[in-house]
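Below is one structure; the comments refer to it alone.
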Amino acid sequence: MAKQRTRSKVKLTEKREHSFFGDVLKYFDHAAQFLDHDPALMEQIKYCNSVYRMRFPVKNDEGNIEVIEAYRVEHSHHRQPTKGGIRYSIHVEQDEVMALAALMTYKCALVDVPFGGAKGGIKVSPRLCSVSMLERITRRYTTELVKKNFIGPGIDVPAPDYGSGEREMAWMADTYATFYPTDLNSIACVTGKPISHGGISGRREATGLGVFYGVRHACSYKEDMDKLGLEVGLEGKRIAIQGMGNVGYWAAKFFHDGGAKIIAVSEWDGSIYKEDGINPDELLKYKQETNGILGFPGSVDLEGGPGAALEVECDILIPAALENQVNSDNAHNIKCKILAEAANGPVTPEAEQVLLKKGVLLIPDIFINAGGVSVSYFEWLKNLSHVRFGRMEKRYRATMNRNILDAIETASGTKVGEESLGLINKGADERDLVYSGLEETMINAYDNIRNRMMETKGIEDLRTAAFVEAIDKVAISYQHLGIWP
Ligand code: GLU
């Protein structure tokens with residue numbers, strides 16, 4: 001493949017030409033035919049309950065006023081609080097935020113997280129903004145949410161999304177707390193906070209780790225792997241990833257550590273390829289130093305820009321950037337056997353049809369990227385209980401395990417080896433519990449979706465099965481509220 005040194009056009013930030021929310025409605029309508037709920041109930045679930053579009057003034061670094069456009073959409077109130085991230089991007093628009101809010105409802109239902117779906121968006125480019133400007137925007141946005149009752153531990157709980165992270169969540173929590181200084185639970189008004197400010201161990205890597213657990217479990221079904229001509233397990237599987245942001249990096253790291261090979265990666269500046277595998281930690285370091293990935297030592301730069309990594313021949317393709325990346329323009333060129341939607345909406349419905357015809361196992365976003373919100377739920381629980389997971393029992397368990405071990409060693413007359421000792425002679429800390437809770441969540445949800453697909457005549461793909469499963473759960477929850485019979 002030819003070497004290409006020039007930085008290519010940025011496909012990752014191209015504007016959508018069609019409606020993302022329209023795509024979600026299409027998936028909904030397709031799934032609805034497999035369910036038998038009251039049409040009025042289905043209509044209640046389908047559309048967004050509350051759409052808050054705001055504009056507020058913020059003084060920029062030069063002292064001039066800029067008017068910022070922002071959104072918060074609450075899609076479903078069948079459970080409260082509602083939950084979902086806040087996207088910081090110059091391409092934020094109402095249609096996109098509505099689509100993402102709806103996906104959150106289905107995502108939460110699939111992983112049994114007791115929240116309704118919501119999403120926020122601020123139309124700003126974080127790359128082009130100073131930190132102090134970002135802070136002023138974030139604090140003012142939070143104030144606007146407080147004014148209209150769109151934030152609170154029992155109302156609506158934002159989290160990070162594309163372009164935002166722990167820092168923004170800390171600003172939000174702090175702003176919220178100034179309005180409710182005596183509310184003991186105020187810290188639970190957002191998740192994805194720094195650990196020093198009420199966050200939880202494992203939240204940062206949660207979405208990538210969830211992708212890893214979900215795909216690893218999907219690869220454990222022999223009959224499914226046989227159909228794809230793949231071996232069971234992850235060992236040696238060739239993986240291509242679009243995006244080295246928080247989700248892409250952590251997914252790459254867990255797959256690499258789990259025995260798979262990351263053969264291609266793309267970022268805003270282009271795509272790179274390395275047949276014997278890219279080390280994600282070295283690539284991240286290189287990206288931080290050079291602000292891009294092109295020229296990464298030992299790899300070749302691919303022709304075709306950021307979209308090129310999507311088109312390499314691989315076993316597992318992981319789009320981990322934005323929506324609309326695999327569409328009718330490039331779907332015919334996709335050469336993977338499994339596609340895991342780590343981003344929200346990376347494959348359009350038209351592209352999906354092409355991939356399904358090719359026999360690709362498509363693992364949908366509303367399941368595979370639900371690790372983030374699952375661990376957000378753990379963080380929210382931690383905040384409301386005001387105690388770190390593992391604090392009460394960690395030492396007790398370690399001592400118990402030590403006592404059991406001593407008894408076995410005495411009875412058998414043999415000593416346990418150093419390595420096993422390290423594994424047994426400990427209690428679970430917060431990270432251990434978060435990882436284990438997330439693993440259980442992803443395995444359980446995948447099995448529910450897969451069973452739904454196997455048991456329902458006419459459903460042949462995981463997305464349809466996931467939508468049917470999620471909508472059914474939301475509908476049943478509404479019925480339990482007593483509004484629908
Ligand atoms: N923004 C993430 C998502 O799309 C996380 C949401 C959350 O933790 O509430 O799932």
Side-chain angles (χ1 to χ4, degrees), residues 20 24 71-76 79-89 92 96-122 126 145 150-166 168-170 172-173 188-194 198-200 202-211 214 243 245-248 250-251 319-323 340-346 363-383 434 437-438 441-442 445 466 470:
F20 186 8
V24 178
Y71 299 86
R72 185 72 184 171
V73 173
E74 293 172 356
H75 171 258
S76 176
R79 286 185 196 270
Q80 270 192 294
T82 48
K83 189 87 190 76
I86 300 171
R87 181 163 289 201
Y88 285 50
S89 156
V92 158
E96 179 189 50
V97 187
M98 283 166 58
L100 293 166
L103 292 178
M104 285 307 303
T105 293
Y106 307 129
K107 204 184 286 192
C108 292
L110 283 178
V111 289
D112 284 330
V113 160
F115 299 140
K119 202 77 170 199
I122 306 180
L145 295 180
F150 265 76
I151 186 170
I155 300 170
D156 187 358
V157 180
D161 196 77
Y162 187 83
S164 61
E166 292 171 16
E168 287 71 19
M169 298 308 115
M172 290 192 80
C189 72
V190 286
T191 58
K193 302 176 290 288
I200 192 167
R203 175 62 184 84
R204 195 177 292 169
E205 64 266 40
T207 309
L209 181 59
V211 172
N246 184 48
V247 179
W250 282 106
L322 285 173
E323 61 266 20
E341 294 185 320
N344 289 308
I363 310 182
D365 48 3
I366 52 173
F367 157 67
I368 201 68
N369 71 29
V373 76
S374 300
V375 177
S376 275
Y377 169 49
F378 303 154
E379 179 177 332
W380 182 77
L381 291 175
K382 172 187 180 179
N383 293 155
V434 164
L438 179 58
T441 302
M442 296 307 290

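Owing to the predicted nature of the structure, the values given are computational and were not obtained by experimental measurement. All ligand and atom numbering here is 1-based and tracks the order in the structure.
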Using a strict 4.0 Å cut-off to heavy atoms of [X], name the atoms of ligand 1 that fall inside it.
{"X": "Gly85", "value": "1 (N), 6 (C)"}
{"X": "Met104", "value": "3 (C), 4 (O), 6 (C), 10 (O)"}
{"X": "Gly84", "value": "9 (O)"}
{"X": "Gly372", "value": "8 (O)"}
{"X": "Asn344", "value": "4 (O)"}
{"X": "Asp161", "value": "1 (N), 2 (C), 4 (O)"}

[atom1] of [X] to [atom2] of [Y]: how many Å apart, nearest 0.5 Å?
{"X": "Lys119", "Y": "His75", "atom1": "NZ", "atom2": "NE2", "value": "13.0 Å"}
{"X": "Lys382", "Y": "Lys193", "atom1": "NZ", "atom2": "NZ", "value": "8.5 Å"}
{"X": "Thr191", "Y": "Met169", "atom1": "OG1", "atom2": "CE", "value": "8.0 Å"}

Inset, instruction - Please examine the side chains of Ile363 and Phe367, heavy atoms only from C-beta on, and report whether any two atoms are closer than 4.5 Å. - result: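 Yes, at least one pair of side-chain atoms sits under 4.5 Å.
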Among protein heavy atoms, which lies nearest [atom], and at what distance?
{"atom": "atom 8 (O) of ligand 1", "answer": "Ser376 OG, 2.6 Å"}
{"atom": "atom 7 (C) of ligand 1", "answer": "Ala159 CB, 3.3 Å"}
{"atom": "atom 10 (O) of ligand 1", "answer": "Lys107 NZ, 2.8 Å"}
{"atom": "atom 5 (C) of ligand 1", "answer": "Arg203 NH2, 3.5 Å"}
{"atom": "atom 9 (O) of ligand 1", "answer": "Lys83 NZ, 2.8 Å"}

Legend entry - Region of Pro160 engaging ligand 1 - heavy atom pairs below 4.0 Å: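 Near ligand 1, Pro160 shows its backbone, while the atoms from C-beta on stay back.
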Inset, instruction - Under 4.0 Å, heavy atoms only, figure out whether ligand 1 is touched by the backbone of Val157, its side chain, both or neither. - result: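 Near ligand 1, Val157 shows nothing, with every heavy atom at 4.0 Å or more.
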Inset, instruction - Dump the intermediate steps for side chain to side chain contact (heavy atoms under 4.5 Å, CB included) on Ile122 and Arg87, then the final yes or no. - result: CA-CA 6 Å; Ile122 306 180; Arg87 181 163 289 201; over 6 Å; no
Inset, instruction - Could you tell me whether ligand 1 has any atom less than 4.0 Å away from a heavy atom of Gly192? - result: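 Gly192: no contact with ligand 1 (<4.0 Å).
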Legend entry - Candidate with minimal heavy-atom separation from atom 4 (O) of ligand 1, of Met169, Lys119, Glu379: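 The nearest heavy atom belongs to Lys119.
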Legend entry - Under 3.5 Å: donor-acceptor pair, side chain of Glu341, backbone of Asp365: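 Checking the backbone N and O of Asp365 against the side chain of Glu341, a donor-acceptor pair under 3.5 Å is found.
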Legend entry - Donor-acceptor contact present, side-chain Trp250 to main-chain Ala206, <3.5 Å: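 Answer holds: no.
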Inset, instruction - Could you go through the side chain to side chain contact (heavy atoms under 4.5 Å, CB included) check for Arg79 and Phe115 one step at a time? - result: CA-CA 5 Å; Arg79 286 185 196 270; Phe115 299 140; 5.6 Å; no
Inset, instruction - Say whether Thr82 and Asp156, considering side chains only, have a donor N or O and an acceptor N or O under 3.5 Å apart. - result: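 Indeed, the side chains of Thr82 and Asp156 share at least one donor-acceptor pair under 3.5 Å.
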Inset, instruction - Flag the pair Tyr88 / Tyr162 as yes when their ring centroid distance falls below 6.0 Å, and as no otherwise. - result: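 No: the rings miss the under 6.0 Å criterion.
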